[in-house]
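None of the values given here were measured: they were computed from a predicted structure.
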Amino acid sequence: MPPAAPLRLATWNVNSIRQREHHVRRWLERAQPDILFLQEIKCEATQFPADAFAAMGYHAEVVGQKTYNGVAALCRVPFTVTHRALPGLADDDAQARYIEGELADGTVTIGIYLPNGNSGGEAGFAYKLAWMEALRARLAALLAAGREVAVLGDFNVCPEDIDLAAGALPPGDALVRPETRARFRALLWLGLIDAVRALYPTERLFTFWDYQAGAWPRDSGLRIDHALLSAGLAERLAGVAVDKDERAMEKASDHVPVVVELA
DNA sequence: ATGTCGGCCTTTGGCCGA
């Protein structure tokens with residue numbers, strides 16, 4: 001087989017695309033990803049500023065929803081959407097949290113906005129866990145079929161204690177509960193590689209700083225935005241970036257972009 | 001516990017979710 005073409009994949013929870021359009025445009029110019037997955041676009045597809053991105057050479061695939069959630073993919077390489085909801089949830093997911101597609105070489109590329117799990121009491125937390133189990137089943141099926149898979153997005157999981165600043169979350173928060181972390185590990189046990197941790201095994205790298213309580217100036221952050229790669233893609237992993245500078249911008253999102261570079 | 005955001009309706013302030 002000829003060597004695969006280089007590929008740069010990224011994820012960014014923008015906390016409203018209508019508030020962050022200019023941030024995203026500026027960042028695309030600078031970072032030049034092939035695909036950028038967005039989360040919390042907080043609008044329906046008709047309100048998504050697709051034309052502004054098309055003018056830059058990025059095609060938009062949008063899974064929109066009014067008010068909350070919403071995901072999208074901005075692509076400058078062919079990306080054929082195959083799923084607009086996570087297969088296998090007990091009921092079809094009414095929330096816009098999932099987009100799956102294929103690249104020209106058959107690589108499966110998925111963008112997710114995993115439920116936070118802190119609202120709605122125990123039912124809200126149960127929804128998070130069910131979502132994680134359905135994701136595990138979906139990825140297991142793809143891997144069993146021999147597919148190479150990249151999953152990027154806001155996982156709303158701090159995998160280990162190193163992934164949050166002391167006191168950044170109350171004990172028992174859904175992002176660090178043992179049940180949550182166990183289900184994240186279950187994704188890794190499928191053979192998926194946490195790309196950031198693979199290249200920076202011991203560094204404190206945060207991707208989110210709350211707007212509240214001076215979290216950013218105090219560097220009281222979390223690592224909750226992740227890129228998981230199947231083994232064949234991990235073999236090509238040439239670099240990762242967590243673009244912390246974006247958090248210092250005027251009217252910044254509370255999350256920053258995470259980028260993986262495949263050779 | 002929360003000093004902040006964003007979106008929406010109950011609409012010029014309050015609510016939810018994060």
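Atom CD1 in I41(A) sits about 13 Å away from atom C1' in dG7(B), given to the nearest Å. Rounded to whole Å, atom C1' of dT4(B) lies 9 Å from atom CZ of R247(A). Note: CZ (R218(A)) to P (dT4(B)) measures 14 Å, nearest angstrom. Rounded to a whole Å, the CD atom of Q212(A) is 11 Å from the C1' atom of dA1(B). Between D210(A) atom CG and dG17(B) atom P the separation is 16 Å, expressed in whole Å. One interatomic measurement links the two molecules: CE of M249(A) to C1' of dC5(B), which rounds to 19 Å at whole-angstrom precision. The distance between atom CD of Q39(A) and atom C1' of dG17(B), rounded to the nearest whole Å, is 16 Å. Spacing between atom CD of Q65(A) and atom C1' of dG17(B) amounts to 12 Å, rounded to whole angstrom units.
Remark: E160(A) does not engage R197(A) in a salt bridge, criterion side-chain N to carboxylate O under 4.0 Å.
Comparing the same atom, C1', in dC9(B) and in dT2(B) gives a spacing of 25 Å after rounding to whole Å. Of the C1' atoms belonging to dT4(B) and dT10(B), the separation is 22 Å, rounded to the nearest Å. Distance check on atom P: dG14(B) versus dG3(B) gives 15 Å, rounded to whole Å. Using P as the reference atom, dT11(B) and dC15(B) are 13 Å apart when rounded to the nearest Å.
Nearer the 5' end of DNA chain B, as judged by each residue's closest nucleotide, is the contact made by S16(A), out of S16(A) and G117(A). Annotation: of the two residues near DNA chain B, P115(A) and Q47(A), the 5′-most nearest-nucleotide partner is Q47(A).
At the phosphate of dG7(B), OP1 or OP2 sits under 4.0 Å from a side-chain N or O atom of Q19(A). Using a 4.0 Å cut-off, some side-chain N or O of S119(A) falls inside it from OP1 or OP2 of dA18(B). The side chain of K66(A) places an N or O atom within less than 4.0 Å of a non-bridging phosphate oxygen (OP1 or OP2) of dC9(B).
Residues F184(A) and H226(A) place their aromatic rings such that the two centres sit under 6.0 Å apart.
In the set dC8(B), dT2(B), dA18(B), dA18(B) carries the atom at the smallest distance from any side-chain atom of N116(A). Taking every side-chain heavy atom of A213(A) into account, dG3(B) is the closest of dT4(B), dG7(B), dG3(B).
Counting non-hydrogen atoms of other residues, nucleotides and ligands closer than 6.0 Å to CD of E203(A) gives a total above 12. Sparse packing is recorded around CD of E235(A), with 12 or fewer heavy atoms of other residues, nucleotides or ligands lying under 6.0 Å away.
Residues P6(A) and L262(A) fail the side-chain proximity criterion, which asks for heavy atoms closer than 4.5 Å.
The residue F208(A) sits apart from the nucleic acid: no heavy atom pair falls under 4.0 Å.
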